[in-house]
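Here's the structure, in structure tokens; my notes come after.
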Amino acid sequence: DRTFFIERGYEAMPFYGPLSVSVPGAVDAYFTGLRLFGTRTMAELAAFAIGYAEDGFTLTHEGSRMIAANAPELARYPTSERVFLPGGRAPAAGVTFRQPDLARSLRRIVDDGPDAFYRGLMAREIAAFMRESGGMLDEEDFAAHTSTVYTPISTNYRGFTVYETGLPSQGFLVLEELNIIGNADLGRLGHNSADAIHLMVEAKKRAFADRLAYAGDPRVVDVPLDRLIDPRYGQDRYRTIDMARAMDRVEPGAPRERGGDTTYLCVVDGRGNAVSLITSLSAPFGSQVVAGDTGILLNNRAGRGFTLEAGHPNVIASGKRTVHTLNCYLIIGEDGLRWVGGTPGGDQQPQWNVQVIAN
């Protein structure tokens, strides 16, 4: 928890390294989605990934450049250096880049299911590596992980229902911003006019101020989510916008009381089933730490997401999930599915998503 870091002299969460890692959720999320909605086996779906890891792929100029740019941090961890810096340097563009350890781990996950990662030999291997490297995650942390399946949050924007990812993602910002700009006649303002952009930027400022003040893991802190995405609250926030002046400092609102390493993809099949999916290690190469001989590169969500500010809704605590930037949307009209979308981009995601939806 926070005390652990304060006692060791940290003024902020470590951005990289073993202490920046949170329990990876992707493996269980993929199996959960496949179990609930899928039509293929995990072996079929993972075949290409295993092939690219085992047989390799031709490294692009961009891939080589990204490894070189992160080489100083990757070189701090022998397991990472072995994978990404063979011979002590970033591999050149055009070479065949292989990850046999990762291929072996992916095969184990395919053969034995998510338990192989969260409760089996792999969990023990990663936990042992974390202990040896100064990290905090142990076997109990992995075994306790579960995926949360929930009804997505939504709002009505100009006759369409916009669905977004719920907490602890920042998806509610998109809905809050739409509720704010929905009070203006954007058509009259003009597409990408100075007034339209000003309005959207001011809406973003207000939504982000609310994120910083209120957002946290709803299992641990009381987040006034339903009030933050209430259209009436959007009206309140809209009334604070001066169309002739940009606000330098924006305070959080008062919700009504009750009485870069991100991949986005969307797929729609011939039967109308749609997937809007976003996944990320957070920073480029995540924590920069490859977990022992597993070949698995760990995220830095804890280091990048949590705060050490006492009393903050997003302060680090045992068993808590950090607020994060990942969000994506799906929009329904009177005649059914209309749009599916999202984007990489950290804190830029809500702004870009709102602009696309508004346009």
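Hydrogens, waters and symmetry mates play no part in the numbers below; they use all other heavy atoms, side chains included.
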Gly319 and Asp217 have their tightest heavy-atom pair at O-OD2, 4.4 Å
If we ignore hydrogens and angles and just use 3.5 Å, is the side chain of Asn359 paired with the main-chain N or O of His191 as donor and acceptor? no
Using only heavy-atom distances, determine whether the side chains of Ser280 and Tyr264 contain a donor-acceptor pair under 3.5 Å. no
So, for Arg40 and Leu34, which heavy atoms are closest and what is the spacing to 0.1 Å? O-CD1, 3.1 Å
Kindly give the heavy-atom pair with the smallest separation between Arg206 and Ile180, and that separation in Å. CB-CD1, 4.3 Å
Can you list the steps and then say if Thr165 with Tyr150 is a side-chain contact (heavy atoms from CB on, under 4.5 Å)? CA-CA 9 Å; Thr165 49; Tyr150 59 88; 3.9 Å; yes
Result for side-chain hydrogen bond (donor to acceptor under 3.5 Å, both in side chains) between Asn299 and one of Ser22, Ser287, Ser20 points to Ser22
Would you please classify the geometry between the Phe57 ring and the Tyr52 ring as parallel, tilted or perpendicular, with 30° and 60° separating the classes? perpendicular
Is it true that atom CZ of Arg158 has more than 12 heavy atoms of other residues, nucleotides or ligands lying nearer than 6.0 Å? yes
Rounded to the nearest 0.5 Å, what separation is found between the OH atom of Tyr77 and the CD atom of Gln288? 7.5 Å
Closest approach of Gln349 and Gln170, non-hydrogen atoms and distance? CB-NE2, 4.3 Å
Smallest heavy-atom separation, Ala358 atom then Ile181 atom, equals CB-CD1, 3.9 Å
If we count only N and O atoms by modelled type, under 3.5 Å, do the side chains of Ser147 and Asp28 hold a donor and an acceptor together? yes
Hey, is CZ on Phe48 packed in by over 12 heavy atoms from elsewhere, all under 6.0 Å? no
Heavy atoms of Thr155 and Ile229 approach each other most closely as OG1-O, 4.0 Å
Let me see the working for Arg211 and Asp347 under side-chain contact (heavy atoms from CB on, under 4.5 Å), right down to the final yes or no. CA-CA 11 Å; Arg211 187 194 80 173; Asp347 282 341; 2.8 Å; yes
side-chain hydrogen bond (donor to acceptor under 3.5 Å, both in side chains) pairs touching residues 109-122, sequence neighbours excluded, are Asp115-Arg119
